Amino acid sequence: MPDQHVVVVSAAGSAEHTVTSGTKAWELFADEPEVIAARVGDELRDLSYQLEDGDRVEGVTIDSSDGRAILRHSTAHVMAQAVQELFPKAKLGIGPPIEEGFYYDFDVPEPFKPEDVERIESRMRKIIKEGQRFSRRQVSDAEARDELTAEPYKLELIGLKGDAGKSAEGANVEVGAGALSIYDNLRRDGSLAWKDLCRGPHLPTTKRIPAFTLMRTAAAYWRGSEKNQQLQRIYGTAWESKEALDAYLHRLEEAARRDHRRLGAELDLFSFPDELGSGLAVFHPKGGVLRKEMEDYARRRHEESGYDFVYSPHITKAGLFETSGHLQWYADGMYPPMHVDAVVDDEGAVVKPGQDYYLKPMNCPMHCLIYRSHGRSYRDLPMRLFEFGSVYRYEKSGTLHGLVRVRGMTQDDAHIYCSREQLHDELGELLTFVLDLLRDYGLDDFYLELSTKDPDKHIGSDEVWEQATQMLAEVASASGLELLPDPGGAAFYGPKISVQARDAIGRTWQMSTIQLDFNLPERFDLEYTASDGSRQRPVMIHRALFGAIERFVGVLTEHYAGAFPPWLAPVQVIAIPVAERHVSYLHTLAARLRAEGIRVEVDESDDRMQKKIRTAQTQKVPFMLIAGDRDVAEDAVSFRYRSGVQDNSVPVDDAVERVVEVVRQRTQV
RNA sequence: GCCGGCGUGGCGCAAUUGGCAGCGCAUCCGACUUGUAAUCGGAAGGUUCGGGGUUCGAGUCCCCGCGCCGGCUCCA
């Protein structure tokens with residue numbers, strides 16, 4: 001047999017190997033059990049791939065990101081096999097790996113019940129134990145159609161092959177752009193257990209799935225469109241080891257512990273009374289303090305940065321939203337109108353037609369009216385109108401989620417009107433302002449997203465879009481932050497930058513948006529007189545920093561896991577007497593702190609001191625100030641922090657100074 | 001909006017096949033006065049989300065509505 005030369009690439013470097021013709025990739029990695037696939041050139045291949053002369057081959061380990069994706073994809077196959085064995089009528093949708101797991105969609109006559117999922121999982125364990133081999137074979141389109149007559153969704157995918165724009169996300173996992181392949185799952189005796197149209201690659205055998213679990217079921221529309229059939233989706237996850245799976249499940253528990261809906265109740269911050277209706281929150285006194293601090297600080301910063309404060313009503317006549325275009329474009333997202341002032345006579349004939357009023361879904365139309373309230377000069381620009389504006393949006397019931405997605409919310413909304421010449425500088429300053437302010441609230445890990453024109457849905461000339469997009473891109477890159485493109489993601493009226501923040505456990509949240517608008521200045525016919533006396537149209541920028549305050553409260557609650565930095569903490573100091581005789585001493589201390597504007601409480605309940613500490617701890621109060629005989633004798637007080645760290649016998653003057661300073665500096669403790 | 005799950009004192013949960021609605025925390029009262037995460041005793045607290053139905057009997061089964069949760073779709 002003729003020899004072939006291949007290059008094996010590894011962390012240690014690359015080495016040339018001479019192998020006989022017909023050698024399979026796995027033979028290169030026979031003593032590396034963690035290798036489950038091969039990267040040949042740029043392509044991921046099964047380990048059964050037959051090497052060719054000149055190949056550059058790298059082992060893909062199961063704990064790498066590609067390796068995990070392959071593991072999860074293979075586990076999805078095992079799940080689909082188990083489902084079809086248990087539910088012979090189930091038709092296959094798609095089953096791709098996703099971030100931290102996988103799913104597979106099925107068309108089944110009855111949705112899966114929780115018990116079904118357990119059965120599927122145990123069937124999967126059986127299949128894994130059997131050590132079935134994933135065996136790839138290439139097929140022509142015609143052959144694939146012939147073999148898959150019982151799988152209508154797969155047939156549809158074959159028809160869409162290579163047309164990435166039309167197929168669902170994840171569908172290209174089934175049918176690559178090139179030739180089709182089918183994976184046979186073969187039992188030890190070589191008999192066929194199951195097969196699926198799939199691009200691969202896969203693990204060598206099902207035995208190589210070290211740890212998996214099924215997570216949940218859900219419905220999902222075929223190819224992501226609500227016009228299509230709804231399929232039943234099962235989510236699962238798979239990991240390279242039991243330990244990695246446990247660590248993942250542990251991370252989920254940690255995230256659940258931070259859930260703002262749970263913390264909101266535990267810390268008595270806010271609630272969603274059923275009586276109000278879906279997506280409508282009330283803030284309790286403690287949540288009110290938090291929110292007020294956030295708002296007050298934002299107000300101060302806006303004042304310093306040249307914003308003018310305005311106010312506008314929650315409800316307006318329909319005409320305004322006709323002018324703005326909201327009723328034409330977004331009526332579905334608005335609460336239905338209330339019809340007022342109609343007069344009907346005894347016969348039922350309309351004497352006076354009355355009119356519709358709408359709750360406002362956005363503040364911008366009102367701000368445009370303020371701009372238009374009198375003639376504007378170039379000397380007025382940039383004009384920055386700011387409002388904590390409460391808006392109401394009739395979000396679909398299924399999308400509501402705690403404070404993060406609500407129907408009634410308060411935006412920290414500003415609209416900036418400026419000339420074209422001012423636009424570039426204004427955007428640059430704005431982005432800096434936004435990022436600085438977010439940092440002050442404790443978020444410091446950002447990236448940006450630039451949403452550009454949707455070719456099918458936009459107004460304004462290409463030239464203006466081009467120019468504006470270019471400007472946003474320049475400003476974004478000047479920030480030094482990572483910039484991700486979001487092609488086609490812009491609203492119809494202009495491109496935008498959105499600021500994404502990563503929280504303390506690495507989750508990302510969309511925070512601020514800076515949105516250019518070519519539409520509203522037209523619709524409201526906004527003008528200013530330029531220095532040469534000509535009439536010009538201003539450019540408008542929409543921006544919200546928090547997005548909505550409600551949502552920002554939710555995000556910060558999760559970011560801090562409820563342990564807010566002292567300047568935001570609803571109760572900043574809890575004073576705990578060792579015994580009852582120390583209470584009055586602490587009241588004196590508390591009065592001093594209160595005089596400095598510190599939110600302090602003295603716990604004079606008849607609980608034991610240990611219990612008081614526990615209570616303060618569970619309420620995540622940043623400073624516990626404890627006083628007993630020793631402290632009183634020394635005119636001192638003892639600190640305990642949420643971390644459990646103690647600092648005893650601190651002189652009272654120093655203690656007050658320490659607390660005041662931390663609050664003033666907005667630092668975390 | 002769609003699919004599935006769920007709804008029991010303020011909170012977290014229990015209640016066998018349809019058979020006396022219970023526990024812990026919190027609350028209130030009393031005793032105790034203790035140096036860094038739960039002192040002891042007692043009391044009070046319920047139209048089992050709302051409405052309708054089946055049944056001798058419904059927290060439990062059926063229907064409608066409201067709300068919540070997980071997804072899908074949407075997110076100006």
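In what follows, chains carry the letters A, B, and so on, assigned in the order in which the sequence lines appear, proteins first and then strands, with residues in each chain numbered from 1. What you see is a predicted model, and the numbers here were worked out from it, not measured in a lab.
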When the [atom1] atoms of [N] and [M] are considered, how many whole Å apart are they?
N      : M      : atom1 : result
G46(B) : C23(B) : C1'   : 15 Å
U17(B) : C74(B) : P     : 44 Å
A14(B) : G9(B)  : P     : 13 Å
C49(B) : G35(B) : P     : 46 Å
A21(B) : G45(B) : C1'   : 14 Å
C68(B) : C62(B) : C1'   : 22 Å
G10(B) : C20(B) : C1'   : 26 Å
U39(B) : G19(B) : C1'   : 41 Å

Short of 4.0 Å, heavy atom to strand atom, which residues of residues 249-278 of chain A count as contacting RNA chain B? Arg261(A), Asp274(A), Ser278(A)
Would you mind classifying the nucleic acid contact of [X] as base, sugar-phosphate or nothing, using non-hydrogen atoms under 4.0 angstrom?
X         : value
Arg640(A) : base
Pro361(A) : base
Ser638(A) : base
Gly279(A) : sugar-phosphate
Asp607(A) : nothing
Asp629(A) : base
Arg608(A) : base
Arg581(A) : sugar-phosphate
Ala219(A) : base
Phe492(A) : nothing
His542(A) : nothing

Enumerate, atom names and distances included, each donor-acceptor pair closer than 3.5 Å involving a side-chain atom of residues 272-281 of chain A, sequence neighbours excluded.
none

Tabulate below the donor-acceptor pairs under 3.5 Å that side-chain atoms of residues 326-337 of chain A make, not counting sequence neighbours, or state none.
unit_1    : atom_1 : unit_2    : atom_2 : d
His326(A) : ND1    : Ser324(A) : OG     : 2.5
Gln328(A) : NE2    : Glu322(A) : O      : 3.3

Is the closest side-chain heavy-atom distance between Phe639(A) and Val659(A) below 4.5 Å? yes
Could you tell me the boundaries of the chain A footprint on RNA chain B, defined by atoms under 4.0 Å from its heavy atoms? G1(B) to A76(B)
Under a 3.5 Å cut-off for both distances, is [N] Watson-Crick or wobble paired, and to whom?
N      : result
G10(B) : C25(B)
C72(B) : G1(B)
G35(B) : none
G18(B) : none
C40(B) : G30(B)

In terms of side-chain geometry, is the basic nitrogen of Arg258(A) or Asp503(A) positioned less than 4.0 Å from the acidic oxygen of its partner? no
Are [X] and [Y] in a cation-pi setup, meaning NZ or CZ lies under 6.0 angstrom from the ring centre and within 45 degrees of the ring axis?
X         : Y         : value
Arg72(A)  : Trp239(A) : yes
Arg233(A) : Tyr104(A) : no
Arg372(A) : Phe524(A) : no

Which comes earlier along RNA chain B counting from the 5' end, the contact point of Glu226(A) or that of Gln610(A), where each point is its nearest nucleotide? Gln610(A)
Identify, between Pro114(A) and Val645(A), the residue whose nearest nucleotide on RNA chain B lies closer to the 5' end. Pro114(A)
Quick one: list whatever passes ring-ring contact (aromatic ring centres under 6.0 Å, His included) with Tyr585(A), sequence neighbours left out. none
Please enumerate all residues that pass ring-ring contact (aromatic ring centres under 6.0 Å, His included) together with Tyr221(A), with sequence neighbours excluded. none
Mind checking whether Phe112(A) and Phe106(A) have parallel, tilted or perpendicular rings, split at 30° and 60°? perpendicular
In terms of ring plane angle, is the pair Tyr417(A) and Tyr371(A) parallel, tilted or perpendicular, where the classes change at 30° and 60°? tilted
